[in-house]
Each structure stands twice: as C-alpha cells, then as structure tokens.
2 protein chains.
Amino acid sequence: MPEATVARLPLYLRSLLEAQHANAATISSERLAELAGVNAAKVRKDLSYLGSYGTRGVGYDVEYLLFQMSRELGLTQDWPVAIVGLGNLGQALANYMGFGDRGFPIVALCDADPRVVGTEVHGVVVRHVEDLPVIAAAHGISIGIIATPASAAQDVADRLVAAGVSSILNFAPTVLSVPEEVSIRKVDLAVELQILSFYQQRRSGGPKLPPLDIPVGVED
Amino acid sequence: MPEATVARLPLYLRSLLEAQHANAATISSERLAELAGVNAAKVRKDLSYLGSYGTRGVGYDVEYLLFQMSRELGLTQDWPVAIVGLGNLGQALANYMGFGDRGFPIVALCDADPRVVGTEVHGVVVRHVEDLPVIAAAHGISIGIIATPASAAQDVADRLVAAGVSSILNFAPTVLSVPEEVSIRKVDLAVELQILSFYQQRRSGGPKLPPLDIPVGVED
DNA sequence: CGCCGCTTGTTCACGTGGTCACAAACCCTT
DNA sequence: AAGGGTTTGTGACCACGTGAACAAGCGGCG
C-alpha cells in the first residue's frame, strides 16, 4: 500500500466517524472526499487498497467501513505509549491525549531530570529514563514519544529502541537515526513555521528589507 | 520551487547552524546530506534552486549559505504570531516557543473562554477571540496558530482570515477550508499515532486479535 | 604553468503518486 | 423483468519527485 495512502487513512477514519455521528448509514466517495478534503477518485483508489467494501450505485456502509479501516490501522487493540521528556510540551501531551484519543493509553512517563522523576502527571508517576527497558517490558510498550530537547533526543531514541520500542514519534528538532525496522515520524514546529514563512514572504512580494516601521502598542 | 524542496530548506538551515556551531567554514553536499538525513544529490538539487552558491571542489560557504537561505525563507524579518486556544496545548506552545525559536515572537494570545481571557501566559495577556481584527492589525500579525478543539477550529480560521492572517498552523484535528491565497499547514497528533499504529501492526504480523469467530461470508 | 583530485550543478531515467475517464455493477422505478 | 440513474473500482495517462551518473569548474601541488 502506498505510503501516501496510509497517511490519508486516518483522515478517512475521522471523516467516517463524523458521518456516523450524523447518523449516515452509507456514504459516497464524493461525500467522504469532501469531509476529508481530498479528491473523490483518490478516495476510491485508497479505499480499494483495503478491499472492495463499497456497493456500486450506493456507496460505502459507514459502520462496516469503519470496522475494516480500524482493523487495518490496528486500532482494534490498544497501543500503550510512553512519553519521554516532560517539559512544557511533554506535560501538555500527557494531559492532552489522555482524554483526547482512545486507543493510545499513556502508560509511562520518563525524564532524566531527578527533580521531575517521582512527580505525578495526569495520574502517572514519572520514572527515570534509565528504567525504560523494565517499564517497556512491563507494559508492552511499542510506541514512544520523544519530547526532549534536541540534544537528548538521539540518546533517548537509542534507549527506546534498546527497550524494544519499534515506533517513535519525535517532537525534538533533530534528525534521528534508528534501525531499519523502527518506524519514525517527526513533528517539528519550527520547521512548519519556517515553511509558512517562506510562502508568506513570497506572497508579500519578495524580500522585504526594512519597509516595516510600524508603531506598535497603539491598541492599549 | 518544488514544494518538497521548500519543506526541506528548514532542515538544511538547522544543519547549517550545527555546522556553524562546529566552526566549519565550508560544508560539502555530502556532509550536509548526512546532517539533514537526506540524499546528497537531493541536497545539491535543492540548493541549486536558491542559486549557484557553491564552489566546485570545495563545497558551500556556511556563513554565506546560511544568509541566503535565511533570506529565502523570510527569516531576516520577524513574523509575529498569534495563538488561538489556550488549553493544554496552546499554553505549552506559548511557553515552549517563546524561548525556543527566534523569528516568530508570540505577540498575541486569544481564547473564547471568558475565564481564560484576562489571564497572563508567558508574559502575554490573553485577549478575547472577538478582538482578533484589532489585535492582528496592531501587531502586524501574519501567522496564526490554532490550538482549539476541533469544533471551534473552522470558526477561528474564518476569524483569522478575516483579520488578515494569511498563514495558519492548525493543531485541531479537523479539515479547514480557507481561501486560495491563505497557506495552511496541519499538525495532527492522532493521525501521526495512527500511521505508526498501521506499520506497527504490519510488523507484528497482521491483526493481533485473530481469535474471532467471524463467519466470513461463505465464498462460493 | 599545467595536471589532478575533488565537488558542484545538471541531465536523464525511473518510480511513485495523482487525475481522468469509463465500464461494471447495483438499486429503484415502472 | 427490464431499463435508467447512480456510484464504485480500475486502467491509462500525466506530473512530480528521486536517485544515479557525468561533465564542468575550482583549488592545490609539483
């Protein structure tokens, strides 16, 4: 299955949940495309990778497609998650996702700072990052989230891999090297902002040197 | 310039900063590729879009390339940012990025909850989302970050656009529709985890809970 | 001063993903 | 039961991005 398709499946899943919430029994590829914000033909081709679960002239059964897609995405089981690094971002993630999403229970929190270890965040006691192997084995953790500073990220990644974690979501602004068999995805806020900056500048009409001399603070 | 190239420029920028920090005067495409985690040929092709700033037989002058890239990315000027939605994530972003990155000062915070409006986060007073037009104009805000629940995201996006914001970074798990001329990028934690879940399951050898007595439609 | 090694910039072939278009298949109506 | 309208599934085509290979160009060395 194409990687691009895999990346869209979660969007379809969410759109299907919306449709289900609106009491729709079936949904057409066109409607689903509208909800997911993509092309209708792309939706059909993507869904065809899962199998022929649609009915010509009718559309897709929402319930059934939801089940099949959840199964394909591996959401019929829980995937215990460990968060490493409990700065601002790590704490926010611990609190945010605990009630935000089902299927990814946060069962472990780790940090290297002895002042943080032992404290409790979102009902989970923070352990030392050294204990990762034991913790991971005990909870069957397969997904790790890195929310440390960039300088510590590679070390944490190595520890996660050594502890048997084979999926990593990296929030640290650095490139991580991991074994072939480990999946890794990154979320980099600075990169996103810089991309926006690039297009923003383009629209603003090329490089603006110092044309801005706006007197701010007038609002107060 | 290809969109894929634009998305990599920030990686090169960060790698160049690392090289600069290591007192490297020049850098080869191969070394830069290693730092950025991409192919060397891709690096050269990407950099060629910026112009011929390299020297054959030597490499790229780190200082000079840094300057050119910063200019291209629009980082020679500040881009004031507004964050809308100050739940766990919004607050973390306000605290995290304030000292994390240069060039994107957080000059405004907005929320719709009257209990949050008026409080102070990271030294900035939270204003009501209704005041966005005034605030945006006063600070020259061109980038907005949406950190609200999904249900409020489209409304906030509309308000941002109406206030003149033309670049949006969306953390809410929903598809936003904005005018053609507005750039939008999304960061969706649930989607990232589900993608990891997909590959994780594949590696684990198919569905982990196979003891299902589902009477699969008898195939004729 | 000319040769040699090194690195860039560019060209080319390839693979992946996106879009279009249409036959096949299904439901509903008559 | 047959036909019309609707929607899926898929094959063909096109655009884009990637990776390798190579000539052009630069600095250093004898």
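Proteins get letters first, then strands, A, B, ... in listed order; numbering begins at 1 in each. Nothing here was measured: the structure is a model prediction, and the numbers come from that model.
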Heavy atoms only, 4.0 Å cut-off, all strands: where does E30(A) land among base, sugar-phosphate and nothing?
nothing
Please determine whether a side-chain nitrogen of the Lys or Arg among E18(B) and R31(B) lies less than 4.0 Å from a carboxylate oxygen of the Asp or Glu.
no
Spell out yes or no: do the side chain of R56(B) and the base of dT7(C) have one donor N/O and one acceptor N/O closer than 3.5 Å?
no
Is a salt bridge present between R102(A) and D78(A), judged by a nitrogen-to-oxygen distance below 4.0 Å?
no
What is the distance, to the nearest angstrom, from the NZ atom on K42(A) to the P atom on dA21(C)?
16 Å
Can you check the L65(B) CG to dG9(C) C1' distance for me, whole Å?
14 Å
Over how many whole Å does the gap from L47(B) atom CG to dT10(C) atom C1' extend?
14 Å
Within the supplied structure, the quantity of interest is the number of heavy atoms (other residues, nucleotides, ligands) at a distance under 6.0 Å from E3(A) CD; does it exceed 12?
no
Which nucleotide sits closest to the side chain of P2(A): dG17(C), dG9(D), dC22(D)?
dG17(C)
Starting from P on dT8(C), measure out to CG on D61(B) and report it in whole angstrom.
13 Å
For A4(A), answer base if it contacts any base atom (sugar-phosphate contacts may also be present), sugar-phosphate if it contacts only those atoms, and nothing otherwise; contact means non-hydrogen atoms under 4.0 Å.
sugar-phosphate
Distance-only donor-acceptor test (3.5 Å): side chain K45(A), base dT19(C)
yes
Within less than 4.0 Å of OP1 or OP2 of dC26(C), is there a side-chain N or O belonging to Y60(A)?
no
Return no unless some side-chain N or O of S28(A) is found under 4.0 Å from OP1 or OP2 of dT7(D).
no
Might you confirm whether atom CD of E30(A) has over 12 heavy atoms from other residues, nucleotides or ligands at distances under 6.0 Å?
no
Is there a side-chain polar atom (N or O) of R8(A) under 4.0 Å from OP1 or OP2 of dG18(C)?
yes
Tell me whether the OP1 or OP2 atom of dG17(D) has a side-chain N or O from N39(B) closer than 4.0 Å.
no
In whole Å, what is the span from the CE atom of M1(B) to the C1' atom of dT18(D)?
17 Å
Find the distance D46(A):CG to dG18(C):P and express it as a whole number of Å.
7 Å
Just checking Y49(A): base, sugar-phosphate only, or nothing, at a heavy-atom cut-off of under 4.0 Å?
nothing
Are Y53(B) and Y64(B) an aromatic pair by the rule of ring centers under 6.0 Å?
yes
What nucleotide among dC22(C), dT19(C), dT10(C) has an atom nearest to a side-chain atom of S48(B)?
dT10(C)
From OH of Y53(A) over to P of dT10(D), roughly how many Å is that when rounded to an integer?
13 Å
For atom CZ of R44(A) and atom C1' of dG17(C), their distance in whole Å:
16 Å
Is the phosphate of dC26(C) approached by T55(A) (side-chain N or O, under 4.0 Å from OP1 or OP2)?
no
